[in-house]
Asks: 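Have a look at the structure that comes next, please.
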Amino acid sequence: MSSTKPLLTLLATGALMSLAACNTVQGVKQDAHVVKDKAVEVKDAVVDKAIEIKDKTVEGGKAAGQAVGSGLEKAGDAVKDATH
């Protein structure tokens, strides 16, 4: 009976280590999913911010274009008035 006790202890220890390894692998997989989900959230936030900046740039470009066009129109009118 005494010779089986170390064997049972060894088997129990092996089973616990195996279970711990499975839990560790499962934990790593869960952590990887959390990191992936967080990366997707960050990517979405960056894309949203980039779109917002692009939209503001387009609006600014349009406003600048309108201002230049208006200025050119006024300059043309001034030249017309000065030559008549």
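Bear in mind the structure is a predicted one, so any value in this text is a computation, not a measurement.
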Asks: To the nearest 0.5 angstrom, please state how far the CD atom of Glu41 sits from the NZ atom of Lys36.
Replies: 11.0 Å
Asks: Between the side chain of Thr57 and the main-chain N/O of Ile53, is any donor-acceptor distance below 3.5 Å?
Replies: yes
Asks: Can you tell me how far the CG atom of Leu72 sits from the CG atom of Asp77, to the nearest 0.5 Å?
Replies: 11.0 Å
Asks: Go through the steps to decide whether Glu52 and Lys49 satisfy the test salt bridge (charged side-chain N to carboxylate O under 4.0 Å, His left out), and finish with yes or no.
Replies: CA-CA 5 Å; Glu52 181 182 326; Lys49 189 54 115 173; 3.6 Å; yes
